[in-house]
Protein chains: 2
Amino acid sequence: MASFTVENYLKTIFQLSLKAENGASTNAISEALGTKAATVSDMLKKLDAQELITYKKYQAVKLTNAGRDIAVNIIRKHRLWEVFLVEKLDFKWDEVHDLAEELEHIDSAELVNRLEGFLNNPKFDPHGDPIPDRDGNIHRLNQSPLTELKSGESGYVTGVKDSSREFLQFLDAQNIHLGNKIEIVEIFEYDKSRTVITGGKTLSLSNQVCKNLYVKTEN
Amino acid sequence: MASFTVENYLKTIFQLSLKAENGASTNAISEALGTKAATVSDMLKKLDAQELITYKKYQAVKLTNAGRDIAVNIIRKHRLWEVFLVEKLDFKWDEVHDLAEELEHIDSAELVNRLEGFLNNPKFDPHGDPIPDRDGNIHRLNQSPLTELKSGESGYVTGVKDSSREFLQFLDAQNIHLGNKIEIVEIFEYDKSRTVITGGKTLSLSNQVCKNLYVKTEN
DNA sequence: TTATATTTTTAGATAAGTCTAAATTTGAAT
DNA sequence: ATTCAAATTTAGACTTATCTAAAAATATAA
Ligand SMILES: [Mn+2]
Ligand SMILES: [Mn+2]
Ligand SMILES: [Mn+2]
Ligand SMILES: [Mn+2]
């Protein structure tokens, strides 16, 4: 059984690898985990010895299949627990991440599978991120940032790129939630801000907000 | 924040102290935790230094108020999670203990309080053990082992003294559950076994079974 | 291409929790 | 009161995960 620490390393490497094609660098892992680079360097050797990652000195690391399986399972649990917290215990979507960081390490396939059924087999977590199935498959939605839409186009909110509490609370304040329809009324070249219509209201969204909001257009 | 390890020591000391008036001995803790006595001895010094227990060499230890608070909170969480697993996820009462041993360490008062509400503020766990309230008060039921009943008397099953999987499965097999009425028909002095009536059926229970079954008599 | 900056690794320490083996203390039994 | 067994503690060691400081490798930039 992987320790909490090892599980966190693997999950972090998995997530960093989605961004950087060549794998996860020591420094990136260090920053993501809040652990010093020297410590990470040490740990990478151990993970390599356990054949959970492939590691060559001074090079970015990649997960082996075994490592990926563990990482994806942790993510599966994280996201299912987030759904539980929001759907059943009425937490808000900006309150659940840290709790899920703890719950994701509870070690029981039976528990997570039953939880999944209890929640009616959700496909996405409260932030729109896909929930891996029990075989580790992840069905990613074909979504794009709001910045891809042209004036006059519209889409439905499917997720967030930035899931910081600040951004989530901002969206709540603007009454923007997953599933909402958003129509682009006008794009201002000056600061790339957009005037949009959503939930019957007209509002202005900064470029930064638009970059961090994912929508699905009817194709 | 107490580590998982410290939490487990405190919980164990609390539970052992319910049985032995003078406190918990090194050996008893060692056996309960599956940790060598030498290790326990070392740890007791540390817990004393943190003022979570009072410890004098070669003497049984007792919890301080701070130590008791932590222990009771862990027990509260353990029992609430057990209710969740049985009531919401349909686990059987003999399947939940090990999972609760993990879940009890999830650190969030908000989570446990919401969980409690979600479960409709249960007062007892699936084994009949009382769930401490958020102030650490434990309302113990005035129950007695089935061996206390005389021939002709009856009571309602309120709990088990032995909550091993084997015993719980035995009770399931006999269709004996919390809340069932049990009437003592006859007590055999030879082996102290009893003939009882419960759930419309007559059956024979060994003295050992009767000692481990708690009932409440209408008084 | 050489110098500089950044990244990564190594070396040496530390803390928590555990173990085995040996020493000590306690308590029970002659 | 002495002896012996059981319980407990001490000593020394190990593992995991972490740190700081220093060295080495790589990448960048003049
Ligand atoms: Mn999260
Ligand atoms: Mn999420
Ligand atoms: Mn239990
Ligand atoms: Mn229980």
Side-chain angles (χ1 to χ4, degrees), chain A residues 1-13 16-17 19-63 66-67 70-71 74 101-102 104-105 107, chain B residues 1-13 16-17 19-63 66-67 70-71 74 101-102 104-105 107:
Chain A
M1 195 82 41
S3 66
F4 283 23
T5 305
V6 166
E7 290 183 343
N8 284 333
Y9 272 89
L10 295 175
K11 184 181 62 157
T12 298
I13 292 166
L16 290 171
S17 299
K19 306 261 164 182
E21 331 66 50
N22 56 323
S25 74
T26 300
N27 257 5
I29 297 167
S30 161
E31 195 189 357
L33 288 173
T35 300
K36 290 293 150 77
T39 306
V40 172
S41 205
D42 237 40
M43 181 61 72
L44 295 182
K45 272 182 274 185
K46 293 175 196 164
L47 295 178
D48 182 73
Q50 295 179 249
E51 305 199 28
L52 296 171
I53 65 171
T54 53
Y55 168 64
K56 290 197 190 74
K57 273 192 201 176
Y58 296 100
Q59 286 181 214
V61 300
K62 285 185 171 145
L63 293 175
I70 294 173
I74 299 297
E101 285 293 314
E102 288 193 59
E104 69 189 4
H105 301 289
D107 173 43
Chain B
M1 194 84 43
S3 65
F4 282 24
T5 305
V6 166
E7 289 183 344
N8 283 333
Y9 272 89
L10 296 175
K11 185 181 63 158
T12 298
I13 293 166
L16 290 171
S17 299
K19 306 260 163 182
E21 331 68 49
N22 56 324
S25 74
T26 300
N27 257 4
I29 297 167
S30 161
E31 196 189 358
L33 287 173
T35 301
K36 289 294 148 79
T39 306
V40 172
S41 205
D42 238 38
M43 181 62 73
L44 295 181
K45 272 183 273 186
K46 293 176 194 164
L47 295 177
D48 182 74
Q50 295 179 249
E51 307 199 27
L52 296 171
I53 64 173
T54 52
Y55 169 63
K56 290 198 189 73
K57 273 191 201 178
Y58 296 100
Q59 288 182 212
V61 299
K62 284 185 171 147
L63 293 175
I70 294 173
I74 298 298
E101 285 292 315
E102 288 193 60
E104 69 189 4
H105 301 290
D107 174 43

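Quick note on labels: first sequence line is chain A, next is B, and so on, each numbered from 1.
Considering only heavy atoms from C-beta on, B:Met43 stays 4.5 Å or farther from B:Val40 through its side chain. Side-chain contact check for B:Leu44 versus B:Lys57: every heavy-atom pair is 4.5 Å or farther apart. Looking only at side-chain heavy atoms (C-beta outward), B:Tyr55 and B:Ser41 come within less than 4.5 Å of each other.
B:Thr26 comes within contact range of the sugar-phosphate backbone alone, with a heavy-atom separation under 4.0 Å but no base atom that close. The residue A:Tyr55 sits close only to the backbone: its heavy atoms come under 4.0 Å of sugar-phosphate atoms, none of a base. Counting non-hydrogen atoms under 4.0 angstrom, B:Ser41 reaches a base of the nucleic acid. When heavy atoms are screened at a 4.0 angstrom cut-off, B:Thr5 is found touching the sugar-phosphate backbone but no base atom.
Counting to the nearest Å, the C1' atom of D:dT8 and the CG atom of B:Asn22 are 15 Å from each other. Taking atom CG of residue B:Asp42 and atom P of nucleotide D:dC14, one finds them 17 Å apart after rounding to whole Å. As rounded to whole Å, 9 Å separates atom P of D:dT16 from atom CE of A:Met43. For B:Lys45 and C:dA15, the NZ to C1' distance is 16 Å, given to the nearest whole Å. Across the protein-nucleic acid pair, A:Leu44 atom CG and D:dA25 atom P stand 18 Å apart, rounded to whole Å. What separates NZ of A:Lys56 from C1' of D:dA24 is a distance of 20 Å, to the nearest Å. Separating the CG atom of A:Asn27 from the P atom of C:dT9 is a distance of 10 Å, rounded to the nearest angstrom. Between A:Tyr58 atom OH and D:dA25 atom P there is a gap of 6 Å when expressed in whole angstrom units.
Ring geometry, A:His105 versus A:Phe4: the interplanar angle falls under 30°, so the pair is classed parallel (tilted spans 30 to 60°).
Phosphate proximity of D:dT16 to A:Lys46: absent, as no side-chain N or O sits under 4.0 Å from OP1 or OP2. Contact annotation: A:Ser3 side-chain N/O to D:dA17 OP1/OP2 distance is under 4.0 Å. An OP1 or OP2 oxygen of C:dG17 is reached within less than 4.0 angstrom by no side-chain nitrogen or oxygen of B:Thr39. Considering only side-chain N and O atoms, B:Lys57 lies nowhere under 4.0 angstrom from the phosphate OP1 or OP2 of C:dT24. Checking the phosphate oxygens (OP1, OP2) of D:dT16, no side-chain nitrogen or oxygen of A:Tyr9 falls inside 4.0 Å. Using a 4.0 Å cut-off, some side-chain N or O of A:Lys36 falls inside it from OP1 or OP2 of D:dT20.
Among B:Leu10, B:Leu63, B:Val6, the one residue that satisfies the side-chain contact (heavy atoms from CB on, under 4.5 Å) test with B:Ile70 is B:Leu10.
For B:Thr35, taking side-chain heavy atoms from C-beta onward, the closest of the listed nucleotides C:dT9, C:dC19, D:dT9 is C:dC19.
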